[in-house]
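What follows is a structure written as structure tokens; I'll ask about it next.
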Amino acid sequence: MVTIHKYSVEENLPHKLGEFLLQKQEDALNHSPVFNVAISGGSLINVLEKALVADKAIAPRIQWDKWHIYFVDERIVPLDHPDSNYGAFKAAVLDMLPGAQPHVYPIDDSLVDGGAGAYEQVALLYEQILPRKLDLLLLGCGPDGHTCSLFPGDHHKYLIEEKQRRVMWCHDSPKPPSDRITITLPVMEDAGAICFVALGASKQPTMHQIFDVKNTEMPSALVNELFDAKVNWFVDDHAFETVKTKY
Ligand SMILES: O=C1O[C@H](COP(=O)(O)O)[C@@H](O)[C@H](O)[C@H]1O
């Protein structure tokens with residue numbers, strides 16, 4: 001059974017997420033010198049800024065020098081482009097840190113020349129950079145139920161069905177920018193924990209499909225089904241308002 005952490009605006013979800021991340025940090029550092037976490041882009045980044053930078057009860061307890069931060073997906077644009085997941089994280093979090101910086105591993109497409117096979121090279125390179133087992137994956141969930149750059153529909157099924165390659169690419173994402181690099185399910189299978197964050201009334205139909213209908217055509221619902229015991233969802237009461245099933 002997945003674990004749902006549901007909060008109202010007054011209950012301050014970013015603070016609760018911050019406490020959860022502190023616990024995950026402690027769990028990891030109890031058995032390892034580093035905390036390996038991979039993050040998404042999109043709306044998650046603003047929540048991370050609130051939880052890890054703006055929250056004065058959480059921020060001083062984050063041991064940034066021990067955090068190794070990877071990305072679960074990236075849009076193929078320059079890293080300083082507003083659509084870059086790394087760029088968004090840098091602007092919202094990294095540039096705001098007053099002291100120690102984490103070790104950060106962007107998915108950097110400028111490492112290849114853009115010729116034939118360039119995307120495959122970026123994916124293969126990132127596969128070598130990613131640790132086999134990440135302590136935590138922090139995921140978003142798009143309105144169509146996509147997570148990372150794993151999109152629903154027959155056209156993108158090859159990404160969901162991939163069993164060998166841990167990092168893949170696609171050229172025709174239904175959500176722009178169209179060229180993307182993404183982790184695949186084997187990375188999720190090996191991860192210690194998975195945590196989704198989904199906020200706001202605009203996510204209501206998606207939450208209904210995932211938690212009532214259990215529509216596993218949606219990659220986020222499939223992640224629930226495959227990895228249930230280690231999956232957490234941080235949701236606000238707006239996003240979860242129309243979910244009927246009790247969790
Ligand atoms: O394009 C992307 O979208 C998803 C979901 O974003 P959200 O803004 O609806 O939360 C995100 O998790 C992913 O990393 C990103 O590339």
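As the structure lists them, so they are numbered: ligands from 1, and atoms in each ligand from 1.
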Is it the case that the ring center of Trp233 lies less than 6.0 angstrom away from the ring center of Phe240?
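No, the ring centres sit 6.0 Å or more apart.
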So does Glu120 pair up with Arg165, basic N to acidic O under 4.0 Å?
yes
Does the separation of the ring centres of Phe234 and Phe196 fall below 6.0 angstrom?
no
Is it true that a side-chain atom of Lys230 and a backbone atom of Glu189 form a donor plus acceptor pair closer than 3.5 Å?
yes
How would you list, by chain and number, the residues with a heavy atom under 4.0 angstrom from ligand 1?
Ser40, Gly41, Gly42, Ser43, Asp73, Arg75, Asn85, Gly140, Cys141, Gly142, His146, Cys148, Lys175, Arg180, Lys203
Aromatic rings Trp64 and Trp67: how do their planes relate, parallel, tilted or perpendicular, breaks at 30° and 60°?
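Plane angle between 30° and 60°, so tilted.
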Would you check if the distance from the ring center of His68 to the ring center of Phe35 is below 6.0 Å?
no
